[in-house]
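Order of the sequence lines sets the chain letters (A, B, ...), proteins ahead of strands, with each chain counted from 1.
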Number of protein chains: 2
Amino acid sequence: MKVTIRDVAKEAGVSPSTVSRVLSNNERISQETKQKVKEAIKKLNFKPNAIARSLANNKTHILGIILPNEIENTFANPFFIQVMQGISLYATQHHYYLMYAVAKDKKDELKYVKDFTLNGRVDGIVILKAESQDHTIELLKEMNFPFVVIGHPEDTDTTLWVDNDNESATYQVVDELIKSGHKHIGFIGAKIDWVVSKDRLEGYKKALRDNQIVYDEALVYHGTGFDERTGEEGAKVLLSKKELTAILTTDDLIAVGVNLYCNENGKDGKVLIGFNNTVIGQYQNPPISSIDIQAVKLGWYASKLLINQLEGKEQKNKHYIVETEWIKRK
Amino acid sequence: MKVTIRDVAKEAGVSPSTVSRVLSNNERISQETKQKVKEAIKKLNFKPNAIARSLANNKTHILGIILPNEIENTFANPFFIQVMQGISLYATQHHYYLMYAVAKDKKDELKYVKDFTLNGRVDGIVILKAESQDHTIELLKEMNFPFVVIGHPEDTDTTLWVDNDNESATYQVVDELIKSGHKHIGFIGAKIDWVVSKDRLEGYKKALRDNQIVYDEALVYHGTGFDERTGEEGAKVLLSKKELTAILTTDDLIAVGVNLYCNENGKDGKVLIGFNNTVIGQYQNPPISSIDIQAVKLGWYASKLLINQLEGKEQKNKHYIVETEWIKRK
DNA sequence: CTGAAAGCGCTTACAG
DNA sequence: CTGAAAGCGCTTACAG
């Protein structure tokens with residue numbers, strides 16, 4: 001039923017080896033036989049079996065993407081699908097395929113990584129969030145299995161990664177806010193375990209310091225995730241202690257939560273800034289300013305780094321910093 | 001380096017065939033040898049190679065998901081990632097894996113479907129959007145390749161599919177609006193080529209008819225996608241012709257666009273309804289009512305239908321209707 | 001430039 | 001209950 005390389009060989013009057021060589025574009029094949037084989041391939045509508053190739057080559061040409069544990073809260077956030085799109089953009093152009101798995105928690109994540117790698121399902125892994133002391137990353141390194149991290153792993157030298165410069169992004173915002181007169185600027189972030197949270201807080205601190213403003217813990221709140229609840233909770237906690245004129249949050253959804261709390265409690269008129277430049281921030285009332293992290297590009301570069309490594313290409317850059325863009329609104 | 005079934009066989013003092021039988025839980029293996037083999041597997045930390053298994057079995061245990069062409073506009077919409085999560089939920093429980101591809105347009109979609117199927121990369125395909133006269137679906141049927149459609153294909157008998165009852169969802173809303181006094185209800189939808197658009201319009205029409213209201217084309221606008229632009233455009237067009245007290249749209253993002261236009265042009269105070277129950281609608285000012293289509297469930301059932309078919313299970317239901325829920329706000 | 005043979009790591013019908 | 005052998009559909013080192 002299924003047409004194989006043998007059928008093509010018979011049709012073209014050559015050996016299977018020759019057909020295989022034509023398929024892989026081997027140069028030591030005469031134009032003439034190449035032609036014959038190509039015609040036979042066309043005539044029989046032959047498509048090489050990807051699985052058999054993988055087995056013979058010991059390469060799947062598949063990348064495995066692990067969507068991280070906290071995703072459920074965050075599924076409203078277009079970050080993940082945009083990253084997946086970016087990964088896909090580069091990968092398909094270079095004839096790589098993509099598998100994904102949704103991990104319920106960190107343990108689940110490890111399970112999938114083991115499954116994907118040890119059973120030979122994929123050639124490389126894309127990790128979508130780095131924690132400090134990340135067990136998944138440790139395992140992958142130990143196994144010496146190719147992977148790339150979107151985010152900022154602790155070990156920045158040997159690991160492939162792509163990230164924004166989150167520290168300088170928040171630095172820039174806070175610095176500008178201070179220079180335009182704001183004295184009490186709040187910070188509301190997600191889990192402080194996440195490297196991304198730490199980086200963003202660091203820029204906030206540094207900007208204060210460089211402007212001779214004393215860092216005040218009472219203006220900072222660490223929530224659980226990139227969600228509205230964190231925003232509402234954070235606003236409630238911070239605003240009960242201090243008067244703030246601006247609040248920097250680490251996600252548009254958090255900013256939306258803050259906005260909600262402020263509107264409901266007559267605390268409006270504050271400058272609010274989020275991250276990710278989502279539609280939801282854009283259509284808030286008032287619209288929320290946001291730092292665009294360019295998730296598609298993050299995915300694209302991650303894909304590029306990993307695939308280059310898999311193809312054994314020399315690459316000077318073991319990581320990329322994707323520019324952020326502060327979209328000011330109102 | 002890599003430990004294979006032969007190493008395990010040697011370690012356990014049996015043949016590779018026996019190891020294979022233990023792996024596949026063949027019943028005709030004595031408890032004793034089963035024990036020996038299991039110990040050897042553990043000792044050597046053996047993991048069977050998925051690719052080799054696939055080749056021998058002629059089954060990949062992989063499902064291919066084609067994310068449709070119009071997705072770029074719609075990436076803000078959590079629908080796709082939720083569906084992917086739902087598919088994953090059922091699939092991983094049943095030891096299936098997932099590949100995805102992002103299709104730029106219909107032609108691209110066909111290309112991926114051909115690639116996935118003809119090269120033997122996947123056992124089944126999930127299509128995320130049905131058009132009328134859908135070439136992808138036609139091809140899959142012609143090839144007799146297992147697939148499931150999320151949405152409502154034209155051929156509802158032989159094809160596996162999962163959908164909401166979009167017609168009755170809009171019927172219910174419009175009927176209730178009329179009964180509570182609304183006489184001029186607008187309808188703003190995405191491309192009318194899409195089956196989902198047709199179904200939603202159909203429910204609107206039927207509710208009018210059942211309430212002895214004449215259908216007026218001037219109250220209906222068909223845009224290009226599930227996006228704000230369609231909403232803004234639609235609002236502009238419809239509201240220049242008629243006074244409307246309520247507008248039913250086929251997506252929260254469309255409703256957001258309508259809201260924007262209304263707020264900016266002093267046309268506020270209208271009852272606005274969207275689809276998908278997204279965070280963005282929820283945090284609009286005023287919040288937008290929405291019909292929750294339960295995208296995770298749509299994915300879950302699609303996965304279930306397809307996998308059951310692949311496993312050769314008898315199934316009476318060749319399709320599922322996932323309940324919608326009208327989330328009323330304000 | 002081309003072919004025969006062995007191999008990738010499994011599975012399974014056949015034989016015992 | 002278990003093993004030897006052939007096979008899944010490719011690739012590639014070896015020989016010519």
What heavy-atom pair brings A/Asn164 and A/Val322 nearest, and what distance separates the two atoms? ND2-O, 3.1 Å

Using a heavy-atom cut-off of under 4.0 Å over every strand shown, decide if A/Thr33 touches base, sugar-phosphate, or nothing. sugar-phosphate

For A/Tyr301, run the ring-ring contact (aromatic ring centres under 6.0 Å, His included) check against A/Tyr320, A/Trp161, A/Tyr90 and tell me which one passes. A/Tyr320

Touch check for B/Thr18, heavy atoms < 4.0 angstrom, all strands: base, sugar-phosphate only, or nothing? sugar-phosphate

Most 5' of B/Asn58 and B/Ile29 on DNA chain D, judged by nearest nucleotide: B/Ile29

Identify whether any heavy atom of A/Asn57 sits under 4.0 Å from a base atom; if not, whether one sits that close to sugar-phosphate; answer base, sugar-phosphate or nothing. sugar-phosphate

Using a cut-off of 4.0 Å on non-hydrogen atoms, how would the nucleic acid contact of A/Thr4 be classed: base, sugar-phosphate, or nothing? sugar-phosphate

What are the 5'-most and 3'-most nucleotides of DNA chain D lying under 4.0 Å from any heavy atom of chain B? D/dC1 to D/dG9

Regarding B/Glu109 and B/Lys106, does a basic nitrogen lie under 4.0 Å from an acidic carboxylate oxygen? yes

For B/Val195 and B/His152, the nearest pair of non-hydrogen atoms, with its separation, is CG1-O, 3.0 Å

With the threshold set at 4.0 Å, does a side-chain nitrogen-carboxylate oxygen contact exist between B/Lys10 and B/Asp7? no

Taking the same atom, C1', in D/dG16 and in D/dT12, what whole-Å distance lies between them? 16 Å

Taking any heavy-atom pair under 4.0 Å as a contact, classify A/Leu55: base, sugar-phosphate, or nothing. base

Any strand: nucleotide that pairs with C/dC14 via Watson-Crick or wobble, under 3.5 Å: D/dG3

Most 5' of B/Asn26 and A/Arg6 on DNA chain D, judged by nearest nucleotide: B/Asn26

Pairs satisfying salt bridge (charged side-chain N to carboxylate O under 4.0 Å, His left out), at least one member in residues 47-59 of chain A, at least two apart: none

